[in-house]
Amino acid sequence: MQIKVTRAAQLKAKPDETRLGFGQIFTDHMFNMDYSLDQGWHDPRIEPYSPIAMDPSSMVLHYGQAIFEGLKAYRNPAGGIQLFRPRANIDRLNRSARRMCIPEMDPDLVLESFKTLLRIEQDWVPRAPGTSLYIRPTVIATDPFLGVRASHTYRFFIILSPVGAYYAEGFNPVKIWVTRDYVRAVRGGVGEAKTPGNYAASLLAGEEAHQAGYTQVLWLDGVEQKYIEEVGAMNIFFVIDDELVTPALNGSILPGITRDSVLALARHWGIKTSERRISIDEVVAAHETGRLKEIFGAGTAAVISPVGELRYGDQILAVGGGEVGPLSQRLYDALVAIQYGKALDPMGWVEPV
Ligand SMILES: *Cc1c(COP(=O)(O)O)cnc(C)c1O
């Protein structure tokens, strides 16, 4: 399928690269493609960035049938643009699609849509240290219908947003709140799909955590509220003695690409890793006996997010004495160097645009 391109008549002024936040500025163009029962996915096209006119009865607005992805384009030292494991994002997009009864897309066409859009928007990939161009592919159900069933029509779109350095104020440990009042997902539910409702369901717990002075929520399992699951938009890792532990993918956890990359690098370095069930009680006990060395989150936005404090009920676990742990730092440095093309890519993770 040929991607048709319609250029914007006027281009926007580029923002100051040293003051970029996250997800507030969007580029000049977007990718669009439609689905209908008789034509399948059709009419892939790049057009000027613009609002989407929708019927108020569009199914996505009522029943939340939608999926999305998040990845970044990085500027390498030679001035070129590169992606990090984009096929893993595309595979996950199609797995989310299956779970949400959305028709799957041709992975080669989706990768081509990323690259074509990025080539047109290449001047939007920032050059300042730590910055990147965030890519947000999204699929929404568009049938104008209030009955409950899978839609027969969809829109797939991709928008781009230049984002700032996540650690503009330094690589500092964050404080995490372990919620006992809410759950994010249960096995058999939609926790392993990247679907908007998971985020809507997390907002109230997030607000309560913020009010208490914590930046993010750590979720426990939805059945016993005993086993660790993940943090809002990051997977979670613990260093206990000399073992790197992360919860196994059990059906309710989002299978993060950063999570997978952390495990692959740690194994490559000969570090003992395990994906298993880990209870909050085990974490508390490891802390009490001095065996809990590091905690960190892993996700595309922050790459590695060191955790300096965990609050569970009235217990406060201080981790790492306010310092970034050595493994957190080593993983962060290695991943960022590969993503920005500043180090060899032993795993073949980088995709040039
Ligand atoms: C996207 C996401 C992650 C992190 O996935 P990455 O592929 O590493 O960015 C973790 N948890 C949730 C709930 C997510 O939506």
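The chain is numbered in sequence order, starting from 1. Whatever order the structure lists ligands and atoms in, that order sets their numbers, starting from 1.
Where the criterion is an N or O separation shorter than 3.5 Å, residue side chain and backbone included, Asn89 fails it with respect to ligand 1. Between Ile257 and ligand 1, a contact under 3.5 Å exists for at least one N or O pair. Considering both main-chain and side-chain atoms, Glu230 comes within under 3.5 Å of ligand 1 through a nitrogen or oxygen pair. When only interatomic distances are considered, the shortest N/O to N/O separation between Arg92 and ligand 1 falls below 3.5 Å.
The pair Glu69-Arg92 meets the salt-bridge criterion, with a side-chain N (NZ, NE, NH1 or NH2) lying under 4.0 Å from an Asp/Glu carboxylate O. Salt bridge Asp28/Lys12: absent, no basic N to carboxylate O contact under 4.0 Å.
With 3.5 Å as the limit, one finds no donor-acceptor pair spanning the side chains of Glu192 and Ser252. A donor-acceptor pair shorter than 3.5 Å can be found between the side chains of Glu294 and Ser328.
Atom 9 (O) of ligand 1 has Thr300 OG1, 2.6 Å as its closest protein atom, hydrogens excluded (heavy atom only). What sits closest to atom 4 (C) of ligand 1 on the protein, heavy atoms only, is Ala233 O, 3.6 Å. Closest to atom 8 (O) of ligand 1, if we only count protein heavy atoms, is Thr258 OG1, 2.7 Å. Nearest protein heavy-atom contact of atom 1 (C) of ligand 1 is Lys194 NZ, 1.4 Å. Closest to atom 15 (O) of ligand 1 among all protein heavy atoms lies Tyr199 OH, 2.3 Å. Distance from atom 13 (C) of ligand 1 to its nearest protein heavy atom, with residue and atom name: Gly232 O, 3.1 Å.
Close approach of ligand 1 to Gly256 is summarised as follows: ligand atoms under 4.0 Å from at least one heavy atom of the residue are 5 (O), 6 (P), 7 (O), 8 (O). Proximity to Met234 (heavy-atom distance under 4.0 Å) selects the following atoms of ligand 1: 10 (C), 11 (N). For ligand 1, the atoms sitting less than 4.0 Å from at least one non-hydrogen atom of Arg184 are 13 (C), numbered in the order shown with element in parentheses.
In summary, the aromatic rings of Phe22 and Tyr134 are positioned with their centroids under 6.0 Å apart. Phe68 has its ring centre less than 6.0 Å from the ring centre of Tyr199. Annotation: Tyr332 is in aromatic contact with Phe171 [ring centroid separation under 6.0 Å].
Counting non-hydrogen atoms of other residues, nucleotides and ligands closer than 6.0 Å to NZ of Lys342 gives a total of 12 or fewer.
Within the cation-pi definition used here (under 6.0 Å to the ring centroid, within 45° of the axis), Arg330 qualifies as a partner of Trp269.
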